[in-house]
2 protein chains.
Amino acid sequence: MAQVWMPAPESGRGRPPSYSRAQIAEAAIAIADEHGIDAVSMRKVAAALGTGAMSLYRYVENKQALCQMMLDHIVGEIGLPEPTGDWQADLRAVAERQRATQLAHPWLAGMAAGRPAMGPNVLRMLEHSMAVLDGLGLSLEDMLETYSLVSSWVNGFVQEELTERDIRRGTGLDEQGWQRSLAPHLETLTANGEYPYFTRILREGADHDFDTRFTRGLTRILTGIAATLPPTP
Amino acid sequence: MAQVWMPAPESGRGRPPSYSRAQIAEAAIAIADEHGIDAVSMRKVAAALGTGAMSLYRYVENKQALCQMMLDHIVGEIGLPEPTGDWQADLRAVAERQRATQLAHPWLAGMAAGRPAMGPNVLRMLEHSMAVLDGLGLSLEDMLETYSLVSSWVNGFVQEELTERDIRRGTGLDEQGWQRSLAPHLETLTANGEYPYFTRILREGADHDFDTRFTRGLTRILTGIAATLPPTP
DNA sequence: CGTACATCGCGTACACCGTACTCGAAGGAG
DNA sequence: CTCCTTCGAGTACGGTGTACGCGATGTACG
């Protein structure tokens with residue numbers, strides 16, 4: 001059987017496999033994109049491939065492993081632009097692609113925050129950012145933490161963006177009932193003045209759209225990182 | 001029935017409730033702490049209270065709502081230290097408490113990254129940080145994003161900390177099989193030299209323990225934020 | 001004090017889930 | 001052609017979230 005990140009031994013003997021791990025990951029991703037991550041079940045994924053649930057277990061040891069594969073598969077399609085030598089521009093480029101990908105697959109942000117996946121594509125992405133950050137005088141530890149800072153921030157930003165997007169378009173995840181219960185709840189909250197800042201956030205809304213907020217936030221972070229860099233002689 | 005954040009109307013008439021939302025949240029949290037978040041089921045939570053699963057639905061509309069309650073309940077026990085006037089010290093204080101709480105309840109970090117909960121305690125925490133950030137010349141939008149930056153980073157940091165902690169002590173979430181499959185996998189990865197930085201991270205390990213890494217990372221972030229603050233006249 | 005009635009407790013039932021076990025089918029190697 | 005390995009997938013089991021409904025319960029009112 002295939003272990004989490006080690007594909008089967010490919011011995012040449014015996015009946016050749018009819019499916020592939022990539023195929024399965026793509027089927028699962030298609031379901032998640034269309035019906036949400038909760039709709040991804042072994043049976044449904046298998047059915048999408050025209051087979052039975054248990055067949056998947058020849059390729060994937062777990063449902064958990066399948067989810068990790070989905071994540072890694074999508075990270076793979078983020079794509080890593082060639083470094084230009086300008087570390088800020090390079091980090092910005094991958095952050096923007098990360099955001100675009102997570103917006104295209106809304107279920108991603110919720111999964112990426114869990115235990116890291118350590119699939120080949122995730123590791124390639126790590127390598128890319130580490131290489132970009134190398135030579136700035138940071139220790140290995142600090143490079144890693146800088147990478148993780150940007151990545152965490154993008155994740156959090158997209159999460160908020162998705163939440164607001166779903167609230168605006170009536171219903172996203174929580175079906176129609178959410179709206180019906182959220183509206184009066186927000187009313188109550190803002191009414192009794194217990195949460196003045198939150199009230200302002202709701203009422204004044206945001207001055208800018210998410211694109212410019214993202215760009216500005218990213219600039220702020222990169223500037224902050226630059227400011228804490230060791231001085232170059 | 002009680003909506004997500006609006007407790008029942010409390011009409012005075014009829015049979016008084018035998019349980020409470022807080023009681024249920026605490027029972028669920030106890031189970032999550034002891035057996036992991038996946039062990040939290042309506043039946044088990046109800047059993048811990050000595051009742052049947054369906055009784056919970058008089059207090060909680062959903063399992064999802066129960067999870068939101070768990071999150072908010074725990075955020076409530078983070079506690080918000082009185083602001084001192086030094087915004088960096090104040091942000092640092094709540095970040096440290098946040099980390100401590102998330103380490104005490106390892107399942108939290110995975111949930112907090114999902115859609116925000118907007119329970120009373122979560123909102124109180126938002127209010128606290130916003131008040132701390134007020135008066136620095138930031139716009140409402142920038143204040144919010146600064147808060148979210150720190151919060152996301154803490155979340156990501158703790159997530160990594162938990163992962164490494166679990167790997168070190170043999171097995172955390174993924175039972176014994178994880179270790180057995182992870183070790184040879186890491187071997188392969190570091191062997192063929194495809195991931196040089198990741199290899200170095202594994203081999204060299206970290207120079208410092210998590211406590212000092214956290215403190216240093218936090219300092220770096222706060223310094224970065226300070227560097228991007230508008231100039232005070 | 002008796003009674004009506006709002007509310008709660010929770011058993012039953014259903015559809016669905018992940019997956020252990022199992023065996024027959026399939027196809028390349030010799 | 002035969003063997004032997006590998007794959008495909010049905011069956012079954014224990015568990016899940018929760019819709020529905022009914023009987024128990026305690027309060028407010030007559």
Side-chain angles (χ1 to χ4, degrees), chain A residues 1-4 6-24 27-28 31-32 35-70 173-178 181, chain B residues 1-4 6-24 27-28 31-32 35-70 173-178 181:
Chain A
M1 238 291 295
Q3 295 282 20
V4 209
M6 314 182 71
E10 181 102 36
S11 79
R13 286 283 286 255
R15 177 180 180 178
S18 311
Y19 311 100
S20 73
R21 289 160 64 90
Q23 211 177 125
I24 292 172
I31 292 178
H35 301 100
I37 188 66
D38 288 337
V40 175
S41 75
M42 299 305 267
R43 279 177 241 260
K44 296 223 192 85
V45 172
L49 280 124
T51 180
M54 291 316 292
S55 300
L56 302 187
Y57 286 89
R58 293 274 171 199
Y59 304 85
V60 166
E61 65 176 350
N62 257 341
K63 189 190 176 178
Q64 217 181 107
L66 174 83
C67 289
Q68 308 236 104
M69 270 183 47
M70 291 171 67
L173 248 202
D174 308 88
E175 319 302 336
Q176 58 284 7
W178 170 259
S181 79
Chain B
M1 239 291 295
Q3 295 282 19
V4 210
M6 314 182 71
E10 181 102 36
S11 78
R13 283 285 286 258
R15 178 180 181 176
S18 310
Y19 311 99
S20 73
R21 288 161 65 88
Q23 211 176 125
I24 292 172
I31 293 178
H35 302 100
I37 187 67
D38 288 337
V40 175
S41 75
M42 300 302 269
R43 279 176 243 261
K44 296 222 193 84
V45 172
L49 278 115
T51 180
M54 291 316 291
S55 301
L56 302 187
Y57 286 89
R58 293 273 173 203
Y59 304 86
V60 166
E61 65 177 350
N62 258 341
K63 187 188 180 181
Q64 216 181 107
L66 174 84
C67 289
Q68 309 235 107
M69 270 184 49
M70 291 170 68
L173 249 201
D174 308 89
E175 318 304 335
Q176 55 285 5
W178 171 259
S181 79

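Just so we're on the same page: letters track the sequence lines, and every chain starts at 1.
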Chemist: Can you tell me the distance, in whole Å, between the CG atom of A/Leu56 and the P atom of D/dC7?
Modeler: 14 Å
Chemist: Does C/dT19 have OP1 or OP2 under 4.0 Å away from a side-chain N or O of A/Asn62?
Modeler: yes
Chemist: Could you pull out the closest heavy-atom pair between A/Ala53 and A/Arg43, with the gap in Å?
Modeler: CB-CG, 3.8 Å
Chemist: For residues A/Ala39 and A/Ile31, report the shortest heavy-atom separation together with the two atoms involved.
Modeler: O-CG2, 3.7 Å
Chemist: For D/dC7, does OP1 or OP2 lie under 4.0 Å from any side-chain N or O of A/Ser18?
Modeler: no
Chemist: Of all the choices, C/dT19, D/dC22, D/dG8, which nucleotide is nearest to the side chain of A/Arg15 once you look at every atom?
Modeler: D/dG8
Chemist: Considering just the side-chain nitrogens and oxygens of A/Tyr59, establish if one lies under 4.0 Å of OP1 or OP2 belonging to D/dG8.
Modeler: yes
Chemist: OP1 or OP2 of C/dC17 versus the side-chain N and O atoms of A/Lys44: is any pair under 4.0 Å?
Modeler: yes
Chemist: Which nucleotide wins on minimum distance to the side chain of A/Pro17, given the candidates D/dT16, D/dG23, D/dC7?
Modeler: D/dC7
Chemist: Could you state the OH-P distance from A/Tyr57 to D/dG10, rounded to the nearest angstrom?
Modeler: 15 Å
Chemist: Rounded off to whole Å, could you give me the CZ-to-C1' distance for the A/Arg58 and D/dG10 pair?
Modeler: 13 Å
Chemist: Using only heavy-atom distances, decide whether a donor-acceptor pair under 3.5 angstrom links the side-chain of B/Arg43 to the base of D/dG17.
Modeler: yes
Chemist: With hydrogens left out and only the distance checked, is there a donor-acceptor pair under 3.5 Å joining A/Arg13's side chain and the base of C/dG28?
Modeler: no
Chemist: Looking at C/dT7, D/dG17, C/dT19, which one has an atom nearest to any side-chain atom of B/Lys63?
Modeler: D/dG17
Chemist: Grab the OH-C1' distance between A/Tyr19 and D/dT6 for me, whole Å please.
Modeler: 15 Å
Chemist: Tell me: CD1 of A/Ile31 to C1' of C/dC17, nearest whole Å?
Modeler: 14 Å
Chemist: Report yes or no: does A/Lys63 contribute a side-chain atom to a donor-acceptor pair with the main-chain N or O of A/Val40 at less than 3.5 Å?
Modeler: yes
Chemist: Over how many whole Å does the gap from B/Met42 atom CE to D/dT16 atom P extend?
Modeler: 12 Å
Chemist: Looking for any heavy atom pair under 4.0 Å, which part of the strands does A/Ser55 touch: base, sugar-phosphate only, or nothing?
Modeler: base
Chemist: So which heavy atom on B/Tyr59 is nearest to which on B/Tyr19, and how close?
Modeler: OH-N, 3.0 Å
Chemist: Compare all side-chain heavy atoms of B/Val45 with those of B/Ile24 and state whether any distance is below 4.5 angstrom.
Modeler: yes
Chemist: Whole-Å distance between D/dC7 P and A/Leu49 CG?
Modeler: 16 Å
Chemist: Go nucleotide by nucleotide along DNA chain D from the 5' end; which of B/Gly14 and B/Val40 gets its closest nucleotide reached first?
Modeler: B/Val40
Chemist: Which nucleotide sits closest to the side chain of A/Met54: C/dA20, C/dG11, D/dG8?
Modeler: C/dA20
